[in-house]
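Residue numbering restarts at 1 for every chain, and letters A, B, ... go by the order of the sequence lines.
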Amino acid sequence: SAVISQKPSRDICQRGTSLTIQCQVDSQVTMMFWYRQQPGQSLTLIATANQGSEATYESGFVIDKFPISRPNLTFSTLTVSNMSPEDSSIYLCSVEQGDSYGYTFGSGTRLTVV
Amino acid sequence: AQSVSQHNHHVILSEAASLELGCNYSYGGTVNLFWYVQYPGQHLQLLLKYFSGDPLVKGIKGFEAEFIKSKFSFNLRKPSVQWSDTAEYFCAVNTAGGADGLTFGKGTHLIIQP
């Protein structure tokens, strides 16, 4: 299965600032997904990113707050903008690899907003 | 939209006990079903998945799950658990044939006592 590298692995940020999270995959993939895992909660899909098109956001998530870039088939970024303590979560990227592997997840970025 | 319900949020078992974790989904169409495991401090790993065919699916580490369409269920089982099975377990679903991300259940925190 694909290997996904996420950077940074963790960060502590001041409220009102923005953080960009990078997701690098070791193979070309069509679909990339971004999830949020709030403390003690399950994973919630933020958006789906296809190369060459705008990301598709799930209900409750907007582009102004979580802008996403997908410049090529192996890379994507998620920015958490104008952060507040409620944005403290683990953010994960994921790729879909067809029937053989299903969905693979990165190790996540643990974000704390103070 | 799909939803996933995991009945047991915390389960405590002794080593060698049998395990069954419940998962029900809500969706009117055909779905793909997944179980993921998250060991302490590690990222999500795929345990097993069901796309079609034999409803009894065998996964890694001795886990299996049975898809019962009439009950909208996909329960996870293991005949004899080990201390190393202590982890968070997530059931997830997406639309069969689609290109969408996963909808996760709230997770079950499993603790195995030696």
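Summarising the local packing, CD1 of Ile68(B) is surrounded by more than 12 heavy atoms from other residues, nucleotides or ligands at distances under 6.0 Å. Annotation: Glu54(A), atom CD; neighbour count of heavy atoms from other residues, nucleotides and ligands within 6.0 Å does not exceed 12. Environment of CZ in Arg15(A): sparse, with no more than 12 heavy atoms of neighbouring residues, nucleotides or ligands closer than 6.0 Å.
Hydrophobic clustering places Tyr39(B) together with Val11(B) (ILVMFWY residues linked when any side-chain heavy atoms are closer than 4.5 Å, directly or through intermediates). Tyr103(A) and Ile46(A) fall into different hydrophobic clusters, defined by Ile, Leu, Val, Met, Phe, Trp and Tyr side-chain heavy atoms under 4.5 Å apart, directly or through other members. In the hydrophobic clustering of ILVMFWY residues, with side-chain heavy atoms under 4.5 Å counting as a link, Val95(A) and Ile21(A) come out apart. Taking hydrophobic clusters as Ile, Leu, Val, Met, Phe, Trp and Tyr residues chained together by side-chain heavy-atom distances below 4.5 Å, Val29(A) does not share a cluster with Leu73(A). Taking hydrophobic clusters as Ile, Leu, Val, Met, Phe, Trp and Tyr residues chained together by side-chain heavy-atom distances below 4.5 Å, Phe104(B) does not share a cluster with Trp34(A).
Proximity to chain B (any heavy atom under 4.5 Å) is restricted, for Gln37(A), to the side chain, taken from C-beta onward. Contact of Gln38(B) with chain A is made through the side chain alone, with heavy-atom distances under 4.5 Å.
Counting only heavy atoms from C-beta outward, the side chains of Asp100(B) and Leu45(A) never approach each other to under 4.5 Å. For the pair Tyr35(A) and Leu102(B), the minimum side-chain heavy-atom distance is below 4.5 Å. Inter-residue side-chain proximity for Leu46(B) and Phe105(A) is flagged as unmet; no heavy-atom pair is nearer than 4.5 Å.
The shortest heavy-atom contact between Phe34(B) and Gly102(A) is CE2-CA, 4.2 Å. Across all non-hydrogen atoms, the minimal contact from Gly101(B) to Phe33(A) is N-CE2, 3.3 Å.
Annotation: the span from Ser42(A) atom OG to Tyr36(B) atom OH amounts to 12.0 Å, rounded to 0.5 Å.
The ring pair (Phe, Tyr, Trp, His ring centres under 6.0 Å) test applied to Phe61(A) returns Phe66(A), not counting sequence neighbours.
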Q) Yes or no on side-chain contact (heavy atoms from CB on, under 4.5 Å) for Leu43(A) and Leu44(B), after CA distance, side-chain angles and deciding distance? A) CA-CA 10 Å; Leu43(A) 286 81; Leu44(B) 278 168; 3.5 Å; yes
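Heavy-atom proximity under 4.5 angstrom to chain A picks out Gly105(B), Lys106(B) from residues 105-114 of chain B.
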